[in-house]
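Comments concern the structure below.
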Amino acid sequence: MGERYAIILAAGKGTRMKSSLYKVLHPVCGKPMVEHIIERVEEVNPNEIVTIVGHGADKVKEQLKDRSQYALQAEQLGTGHAVLQAAEFLKGKLGTTLVISGDTPLLTSQTLDNLFDYHQGKKAAATILTAHAQDPTGYGRILRDHVGIVDRIVEQKDASSEEAQVQEINTGTYCFDNELLFDALEKITTDNAQGEYYLTDIISILKEAGKNVAAYQTDDFSESLGVNDRVALAQANKIMRQRINRGHMLSGVTFIDPDTTYIDAGIKIGAETVIEPGVFLKGQTVIGENCMITAQSQIIDSTIEDEVTIKSSVIEESLVRKGADVGPFAHLRPQAEIGSHAHIGNFVEVKKAEIGQGTKVGHLTYVGDATLGKDINVGCGTVFVNYDGKNKHHTTVGNHSFIGSGTNLIGPVNIAANSCTAAGSTITQDVPENTLAIARARQVNKDGYADHVPYQQ
Ligand code: UD1
Ligand code: MG
């Protein structure tokens, strides 16, 4: 099979994106495009990967870390010039080099494998990965001679109107004989409409040198979508989303409407889980089996165990244990840990707090910086008053306690197990076990005063 190398082109600014974020770092289904690319490249097991960086070099390196070597393209003089920067690592080595753009995130490793196989089978100096495009606008066109052999690639801006009619496009991915690649790169000029060193010119250079150039056409154009602007970015997201959702459905997850359910790449969902429309699952999220996630929920970097119901809620960096239910309209902020079979009801916000097994926080409550034991009932409108304007303070509530509605628990304070607070209490001192704490003014009834209430006059 010989050695395999890969060069990822990621130095461009992405002017057409009109963005301060470098193009290859724009996410598709939650992952930067260049991250998708390196994952696919790794799946074809190259001996070395070189990523060409320029604009945003530090950010790209931060993303890919030591999964790649890096060659700096200080000035973006074109894709041919970009590949040449890898010479310090690869020039003169024997083997096959995959060149791939950082902006084609939908390519699959199966297609890359097929490209390698085709290249080897044809004993070619270069093999272009091509596709048939319904609308080829913007792509380089593959020009073949009268017997169908590849002649050259012409860029959109250099194409005659006749050439522009060609629907077979260059995906920007190629296999090259490594030695011939670096020899031919020396010969590329900037004699074209954009004044750039085009990698695509290498095809005619190799042909003129009598080398064998091949083209392998994928049957799925959508894989080769090149993201140059935000219209294509949205299309790429849509295609990737369909692929991801299809994969989950085939593994036993029910989607009420997969077209409006937004699941990042890499998220795990257990079988028999049902997901309603408008749901976003993002980042490092894991969803268990037999869960129900209802419309418009957003779950980010969180773990939801089996048999959990999430009703139209926002959950960030949190853990919801088996059998619990959350919402509707609850907000779990970072470090909320909801115990098994616990209940978090409507308009409840939880932050940096542990809620024990079977505990119920049913309505209109804020729980921040707290540890709650098991089987506690927290009444409606309770506030864990955790912030004094400078510092955050912790509150603990012991097992089987009952917090009356409208209680303010002023942290730091401890409510021991089996205790109660009377509704409307403002608790500033610890409450011992088996105790009822009442901390509110006594009611005074003023006889006859109702006549003095202005609105009744
Ligand atoms: C390129 C191809 C075109 C093909 C299309 C497929 C050339 C000349 N054209 O056009 O035939 O149909 O991809 O999507 O190759 N880059 C650098 N340094 C540079 C210039 C670009 O690293 O100096 C990187 C970019 O970051 C990008 C990739 O190369 O990841 C492709 O560059 P881009 O400007 O997107 O080329 P296209 O116009 O899409
Ligand atoms: Mg492009």
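Treat the numbers as computed from the prediction; the structure is a model and nothing was measured. Remember, it's 1-based here, ligands and their atoms both numbered in the order they're listed.
- Near T200, with a cut-off below 4.0 Å to any heavy atom, the atoms of ligand 1 are 7 (C), 8 (C), 11 (O), 15 (O).
- For atom 16 (N) of ligand 1, the closest non-hydrogen atom on the protein side is G12 N, 3.9 Å.
- In the model, T111 has a side-chain atom that pairs as donor or acceptor with a side-chain atom of E223 under 3.5 Å.
- Ring-plane geometry between F221 and Y139 is classed as perpendicular, the angle between the planes exceeding 60 degrees on a 0 to 90 degree scale with a lower cut at 30.
- Counting the atoms of ligand 1 from 1 in the order shown, those under 4.0 Å from a heavy atom of T171 are 6 (C), 14 (O).
- Contact of the D264 side chain with the T285 side chain is not registered, since no non-hydrogen atoms from C-beta on lie closer than 4.5 Å.
- Residues R67 and E39 meet the side-chain proximity criterion, which asks for heavy atoms closer than 4.5 Å.
- Close approach of ligand 1 to S101 is summarised as follows: ligand atoms under 4.0 Å from at least one heavy atom of the residue are 28 (C), 31 (C).
- You'll find the side chain of I275 stays beyond 4.5 Å of the side chain of H248, heavy atoms only.
- Atoms of ligand 1 found under 4.0 Å from any heavy atom of N228 (numbered from 1 in listed order, with element): 35 (O), 39 (O).
- Ligand 1 has a nitrogen or oxygen under 3.5 angstrom from a nitrogen or oxygen of Q73.
- For atom 13 (O) of ligand 1, the closest non-hydrogen atom on the protein side is G172 CA, 4.4 Å.
- Each of the following atoms of ligand 1 lies closer than 4.0 Å to a heavy atom of G140: 3 (C), 4 (C), 11 (O), 12 (O).
- Numbered from 1 in the order shown, with element, the atoms of ligand 1 that lie under 4.0 Å from a heavy atom of K23 read 35 (O).
- Across every non-hydrogen atom of C380 and L364, the tightest pair is SG-CD1, 3.7 Å.
- Distance alone, capped at 3.5 Å, places no donor-acceptor pair between the S318 side chain and the I315 backbone.
- The option with the heavy atom closest to atom 6 (C) of ligand 1, from among D158, N170, V53, is N170.
- In A11, the parts holding a heavy atom less than 4.0 Å from any atom of ligand 1 are both the side chain and the backbone.
- For atom 4 (C) of ligand 1, a protein heavy-atom neighbour is found at a distance under 4.0 Å.
- Residue, atom and distance of the protein heavy atom nearest to atom 30 (O) of ligand 1 are L9 O, 2.8 Å.
- T96 places no side-chain N or O within donor-acceptor distance of the main-chain N or O of R4, the cut-off being under 3.5 Å.
- With contacts defined as side-chain heavy-atom distances shorter than 4.5 Å, the pair Q156/T137 qualifies.
- Ligand 1 has at least one atom lying under 4.0 Å from a heavy atom of D103.
- The N/O atoms of I153, backbone and side chain alike, include none that comes under 3.5 Å of an N/O atom in ligand 1.
- Using a 4.0 angstrom heavy-atom cutoff, E155 counts as in contact with ligand 1.
- Counting only N and O atoms by type, the side chains of H394 and D369 include no donor and acceptor under 3.5 Å apart.
- Close approach of ligand 1 to Y139 (heavy-atom distance below 4.0 Å) involves ligand atoms 6 (C), 12 (O).
- Between V150 and I203, the shortest heavy-atom distance links the atoms CG1-CG2, 4.1 Å.
- Side-chain contact between L107 and L129 is present, with heavy atoms from C-beta onward closer than 4.5 Å.
- The nearest heavy-atom contact from the protein to atom 33 (P) of ligand 1 is R16 NH2, 3.9 Å.
- The Mg ion (ligand 2) lies closest to atom OD2 when only the N/O/S atoms of D103 are considered.
- The shortest N or O to N or O distance between G102 and ligand 1 is below 3.5 Å.
- Across every non-hydrogen atom of F255 and V253, the tightest pair is CE1-CG1, 3.7 Å.
- Considering only heavy atoms from C-beta on, V28 comes within 4.5 Å of L233 through its side chain.
- For S251 (side chain) and M249 (main-chain N/O), no donor-acceptor pair under 3.5 Å exists by modelled atom type.
- Interface of A82 with ligand 1, defined as ligand atoms under 4.0 Å from a residue heavy atom, comprises 17 (C), 18 (N), 22 (O).
- Looking at Y198 next to ligand 1, no N or O pair under 3.5 Å apart turns up.
- Using 4.0 Å as the threshold, M33 has no heavy atom nearer than that to any atom of ligand 1.
- Ligand 1 has no N or O atom lying under 3.5 Å from any N or O atom of E75, backbone or side chain.
- Among all heavy-atom pairs drawn from L21 and H26, the shortest one is O-NE2, 3.3 Å.
- Atom 21 (C) of ligand 1 has T79 CG2, 3.8 Å as its closest protein atom, hydrogens excluded (heavy atom only).
- The protein non-hydrogen atom at the shortest distance from atom 23 (O) of ligand 1 is G78 N, 2.8 Å.
- With a cut-off of 2.8 Å, the Mg ion (ligand 2) has an N, O or S atom of N228 in range.
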